[in-house]
Structure formats: structure tokens, C-alpha cells
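Numbers restart at 1 for each chain; the letters A, B, ... are given by sequence-line order, proteins then strands. For the numbers below, each heavy atom of this structure counts, side chains included, while hydrogens, waters and symmetry mates do not.
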2 protein chains.
Amino acid sequence: MVGYEYYFTNKIKEDTTLRAYNFNAGPAAVPLPVLEQAQKELVNFKNTGMSVMELSHRSKEYEEVHNRAITLLRELMNIPDTYEVLFLQGGGSLQFSMIPMNFLQEGKTAHYILSGAWSEKALKEAKDFGETRVLASSKDANYTHIPTDYSLEDIKDGAYLHITTNNTIYGTQWNEYPTSPIPLIADMSSDILFKEIDVEKFSLIYAGAQKNLGPSGVTVVIIKKDFLETARTNVPTMLSYSTYAENNSLYNTPPTFAIYMLSLVLEWVKEQGGVKSIQKNNEEKAKYIYDAIDNSEGFYKAHATEDSRSLMNITFTLPNEELTKKFLQEAKERQFIGLAGHRSVGGCRASTYNAVPKEACEALANFMTEFKNQN
Amino acid sequence: MVGYEYYFTNKIKEDTTLRAYNFNAGPAAVPLPVLEQAQKELVNFKNTGMSVMELSHRSKEYEEVHNRAITLLRELMNIPDTYEVLFLQGGGSLQFSMIPMNFLQEGKTAHYILSGAWSEKALKEAKDFGETRVLASSKDANYTHIPTDYSLEDIKDGAYLHITTNNTIYGTQWNEYPTSPIPLIADMSSDILFKEIDVEKFSLIYAGAQKNLGPSGVTVVIIKKDFLETARTNVPTMLSYSTYAENNSLYNTPPTFAIYMLSLVLEWVKEQGGVKSIQKNNEEKAKYIYDAIDNSEGFYKAHATEDSRSLMNITFTLPNEELTKKFLQEAKERQFIGLAGHRSVGGCRASTYNAVPKEACEALANFMTEFKNQN
């Protein structure tokens, strides 16, 4: 038997459904109980006689879903009242432009630390709006680690400092965040909610939902109110953070179904015991796979240096192209999905986001060891 | 019994589900067979062992969904190969800025015909990007009709002419579209696919999906290739139509689940016999309600003048506030949802988008007549 099977525990009893071992980099695994809940109420949401996606975004029923998502995120991340929680569209990629559009004031410089392809893209968009500076970069090392060779003394007059906390492609992740003298902005698209963090270190956190928060189509922005007040005002309505803050992200029709899914994912995180439990789980999950790499006598090589290893995306290579191909083929036959590495790194990548079950990581580690022994 | 009940015809047999009479202005009704299909495969899409929202947007399985939606829309609307079909985010509201950002060239004027609140908003955003002109407006008549008092001779050197084909708030709709000497751009958010149209009259058509196309969270753009070539190039990546055209709307992660729902809605339209059948159906649906108004001896008054009546949003008032309140209360008790008019018009509004069943419109007409007779 491949994958793992389960029987619906709800009303839908006739069906047996195969679950793949989903290691996709994003869109990625969603917790099974969340999918089951969404399935159960897809046609008739809380006895409204409508699907949640058929509700008016001005209805009481939808507003409860919307506000529940905000309340849960505040609770789970311990977000103070001095911050707004906003729902936008366009993914992290639109944030790359919205941030300088709103916060790169004339005469100031935006500082970027480059730790991978996504931070490069963020920088590229900022260049259209004003002065930028690369404060540090590990590009020369093919982004095997998070840069450490920089001084925060240099940036005192800057508009903001931008970092990417986890690098999906390279499999690296920041351990500790800088204490920045200027507003710190973080792209947490691929590791938001993976562990407890101190939100107050940041002026703006953004994250596309499709890794740790649910389906694609909604972007979460957590923004400090006094930072928001410094935003430029000559910004198109839909590209101004103030529009979302002033209207509880209901200026126009939000992506209601995606926000509903987000609310279910957050309920699930809470049921797991909150972010602390999720973190412990993530550490155990990653350990299975990193152990399989470290105990392989060099058969598997991690792309990331040990101090920068990501708990979300584990990147590794095999001795040669041929074995990599064989590995991916055999993995596929066993229902391991999404293991091919990004073309800029090659090899393999296992994305072990919050919703990926421990069982899947253990199974992958076992398969890796088995494959190594046979090849 | 209120509303109408149905039994699942698929595997999920135990459940009896109440369906409301959904007259929401958007997000709005989705065809029941579409919701049932989505429900059936929500946890396990086509035996992948994953939900469609867990698939990588680079996977073969997702790309099939994505391309199927494009192919179906091309087929149903008879869109020539000289046009691109794109999927964006941010709703119609983001289009209000993207259009002038891409197409309002320096030294040119963008012409707007104002037929309601949404065209006003579109104009407002354009003003930030260059010269604009109101070619015609029915604002003085509280937007009871589509303006006709303009000459297209005047606009020969303009950048583009913008119209809103259907006005959700006021319940008015264009019958025939102008033959414009400059690129014609249309916001069809609330009436795309409601009848057969000649796409070639337009250089750009845009529509948020949440009325006739599915859930909120995806915006469809149909753009003429040679018009796209005239776009400004100094536009942020995510706000440039070229980015979507060059990458088959897969430059970054698209809202995959919303596009999947769109593909199911389009399959449903095809199964109904295509847009011609949908149109016939829409005409019959609207007739029930307009007849109830016209035969009420002045008890109900339509907001729109007869030549501008919308088949999508039917707006009407009652003799006084008290009766309006009573009407809405009794309607609610009978599971008619979304009938309160917008505050700028008052009274009532019934949105009869493609997915609203004829049965619901007939029931509403009967209720209106009954209410009138009793009051």
C-alpha cells in the first residue's frame, strides 16, 4: 500500500480516500481535518442555505468568519493592539511593490538583505520607487546560508530594512531576527506561524497564505499602526495599506473563501496546542529528514550550511544526476509528491510546512535510508 | 416549508440541505451542481490524494484546470486568438488603477462614461495617472439610465473609452455597446457571460468573478494583443498586464482554488447550452420580477428607466419606509436572501445572476404579488 488511507469520520462514510505524502513547496498541504470541515459545509454553511463563498461579504455570517480569522491570528502570534492585521491579494509578489510604494520616502534608502531569489525580487521592485542598498548578500555562496556580515549601525537613516525569513528555494532560514534601528519588514510567506516569534521586532510582516496558512489567494499583512501612519498618501486606493486598515480589509470584496480556509487552518493550529506545539512538531519532523541526510555517509548532501538550515524546506542533493532521477521516480511511485528541487539548486527539496504530518516525514526519512542502502 | 430542499444526488446521500433563495449582489449564488462537484472532490482531487488547493501551481494536474478555464471562456465567449485571457487578483477595484497605469499615455486623455458608483470609482483612480474626461454621465438623474447624450466624434485622440456595462447598485445595464474610435474598455464585473456579445468591439474587458463566474478572489481580463503592446513599460511587475500574458497568468502563485471554481462554473454554463441558453434563461428570470413590478399598479416602482433595465440587478422601491421594512422582514422569513437595496438607492434589489435558478425568481415574483395584495 502506498500513501496512507483514512475513512471519513463525518457524514460522508462511503468514500475511502488516498492521501498523498504532500511535500509541495506551495501551494502545499492543508491539514486533513480542515479539508474535511470545508467539505462538510461546502454547500450549506452553518445552515444558511448557502456556501460560504455565496455569502455577501457584508453579511453577519461572513463578517464572523473574517473577524474570527483576525482574532485567531492575533491570539496565536500574540500580536499587540498596536498592530493591524490585514488581508490583501496578489501574493508576496505584490507586496514587493506595495512596500516601497508606501514606505520608501524620497531622500531615504531602503536596505535589503539578500538571502535568496525572493529577496532579490523584492529588491528589484523597490528599485523602481527610490534609493535601495544591498546591506548584505550570500549570493556568492549560492545562498547556502543567511548573511551575517553586516552592521546595523550603517543604516540609521534608512526607510526600512527588508529580510526574507525563510528561503523556499535554497532551504535556509533565519534563526534570530536582527534588532533593527529602522523599521524591520519581513517576508514570512514560507514560515509564518512555524514557531513563536516576537512580533514587536517588526514594523511589517507579510505572508502569502499558500504555505503555512491555507490556500493561495490571500496575503496576510501585520503592520504596526505608527509605522502605517508614516505611509505615503499618493498611492492608488487598492495599493495603500491604509485602505485595508480603515475598512477592516473590506473596502472591496475580499477573497472570502480563502479567508474562510485561513480561519479553519488557524482553528486547527489552536487545537494542536498553538504555535509552541506546532514548533515542537516542526523540529521533530525536520529532524527525521536531516538525520537521514547526516547519517547517509555523504550520500545525501544538504544545500544549506548547518547554522542556516530551514525547518520548512529541506534541500539536498544526491551523488549524481542519474541517482537523483531514480530517487525522484521511486519516490513518486510511493506517493511522495513535490520532491524535485528548484532548478537553481537542483537535487531534491522536501517542504515540511505546518500541515505536513509527522508520519509523512518519518516515511520519507525511511525511504531515503532505504534508497541509500540499495544504491 | 421555506426555501427549497434537495437531496444530494452524488455519493453524499444522507444529508438534506436547505438552499436559500440567494439574491445577493456579490459574492452571489453559485450553481448547485458546481458546489456539489467541488464538495465531492474537495479532499481528493482526481485521485491525486490531494485537494485541488494543495496542488502545486506548476503541476500537470493544476495546469489542466487552469488551461481548461481559459479554453472554456474562449469557447463560450467566442474570444478570437488575437486576445489574451488572463487571471488576476484584487477585483475590479484594482483594475481601476491598473488600466490607467498601463494605458493612460502622457499627453492623451482617458474618457469615462459614468453610469453609476463603480464607474465613478474607476474614474477617480484614473485621475492619479493623467488626463481624464467625463464624456457623459447620468449622475444628475441618480443614475436611473445609461447615458446616451455624447458624441464619439469628440474623442478621436483619446487613450481609451471606459464604460461599466452593468450597474449593480442602480440596476441599469447597457443594451448596445458603443462602436468606439479609440480602445473600448469595459468593466463587466456584474454581467460578463450574461448574453452573447461581440468581444471584438472591446480592447479590454475585465470582471471580478464573484457575480457570474464563481467565488471572489479572481479577476478575469480579456485583452486584445495589439492593445497590450501599447502598454507602458515602467509599471511594477505585478501591475503590468504583460507579466500575466507572458506567463499564462502563472508568474507567481495564482488563486488556484478560485480558478478551479471558475472552471467548474464555465463547464456548467457549457452544459446549460452555452451563453445563448443562459441569456434566454436570464430574460425569463428577470421578466417574472419586472412583471410583478409593472403589474403592481404602482405599488412597486423600478428605479431604472425602462430602456436601461438590468437583467442582473432589479432595483425597486415600495410606497414607504415602513412597507419596505415589512417586505424585507417577511422576505427574510421565507429564505429570500440579499434583497435590501443599496443605501444610495434605498428600497430593494434582487440580483438575478446566471446561477440564480428560475424557480427562485418565480417564487420572488409570487411573493411580491402576494405582499402587494395584502398591504
#### Entry: Structural part of Tyr62(A) lying under 4.5 Å from a heavy atom of chain B
neither
### Options Ser51(B), Ser93(B), Gly214(B), Ala355(B), ranked by heavy-atom pairs under 4.5 Å with chain A, top entry
Ser93(B)
### Message
What part of Thr48(B) gets within 4.5 angstrom of chain A, counting heavy atoms only: side chain, backbone, both, or neither?
### Response
backbone
### Message
If I measure from the heavy atoms of chain B, does Leu55(A) come under 4.5 Å with its side chain, its backbone, both, or neither?
### Response
backbone
### Message
Given heavy-atom pairs under 4.5 angstrom as the criterion, report whether the side chain, backbone, both or neither of Thr256(A) touches chain B.
### Response
both
### Query
Given that the side chain runs from C-beta out, which part of Phe129(B) has a heavy atom under 4.5 Å from chain A: side chain, backbone, both or neither?
side chain
### Task
Go through Pro254(B), Ser216(B), Gly217(B), Pro255(B) and name the one with the most non-hydrogen pairs under 4.5 angstrom from chain A.
Ser216(B)
### Query
Is it true that Phe87(B) and His66(B) have ring centroids separated by less than 6.0 Å?
yes
### Query
Leu239(B) versus chain A, heavy atoms under 4.5 Å apart: side chain, backbone, both or neither?
side chain
### Task
Please step through side chain to side chain donor-acceptor pair (under 3.5 Å) for the pair Asn313(B) and Asn166(B), ending with a clear verdict.
CA-CA 8 Å; Asn313(B) 311 96; Asn166(B) 183 72; 2.7 Å; yes
### Message
Keeping Arg349(A) on the side-chain end and Gly338(A) on the backbone end, is there a donor-acceptor pair under 3.5 Å?
### Response
no
### Query
Distance only, no hydrogens: is a donor on one side chain within 3.5 Å (strictly under) of an acceptor on the other, for Asn24(B) and Ser56(A)?
no
### Query
How are the rings of Tyr241(A) and Phe103(A) set relative to one another: parallel (under 30°), tilted (30 to 60°) or perpendicular (over 60°)?
parallel
### Message
I need the residue from Ala29(B), Ala25(B), Ser59(B) with the largest number of non-hydrogen atom pairs under 4.5 Å to chain A.
### Response
Ala29(B)
### Message
So for atom CH2, which belongs to Trp118(A), do other residues, nucleotides or ligands contribute more than 12 heavy atoms lying within a distance under 6.0 Å?
### Response
no
### Message
Is it the case that the side chain of Tyr244(A) and the backbone of Met238(A) share a donor-acceptor pair, with hydrogens and angles ignored and the cut-off at 3.5 Å?
### Response
yes
### Message
Whether the Thr164(A) and Asp187(A) side chains hold a donor-acceptor pair (N or O, under 3.5 Å, no angle test) is what I'd like checked.
### Response
no
### Query
In terms of heavy-atom pairs under 4.5 Å with chain A, which of Ala28(B), Gly91(B), Gly26(B) leads?
Ala28(B)
### Task
Please state whether the side chain, the backbone, both or neither of Leu88(B) comes within less than 4.5 Å of a heavy atom of chain A.
neither
### Task
Using modelled atom types only, decide if a donor and an acceptor are shared between the side chain of Gln39(B) and the backbone of Gln39(A) within a distance under 3.5 Å.
yes
### Query
In terms of heavy-atom proximity below 4.5 Å to chain B, should Ile337(A) be classed as side chain, backbone, both, or neither?
side chain
### Query
What residues of residues 120-127 of chain B sit under 4.5 Å from chain A when you count only heavy atoms?
Lys121(B), Lys124(B), Glu125(B)
### Under 3.5 Å donor-acceptor, Asn44(B) side chain and Gly49(B) backbone
yes
#### Entry: Distance, nearest 0.5 Å, that separates CG of Asn354(B) from CG of Leu213(B)
8.0 Å
### Message
Tell me whether the rings of Phe96(B) and His162(B) are parallel (<30°), tilted (30 to 60°) or perpendicular (>60°).
### Response
perpendicular
### Query
What option among Glu41(B), Gln89(B), Glu54(B) has the most heavy-atom pairs under 4.5 Å with chain A?
Glu54(B)
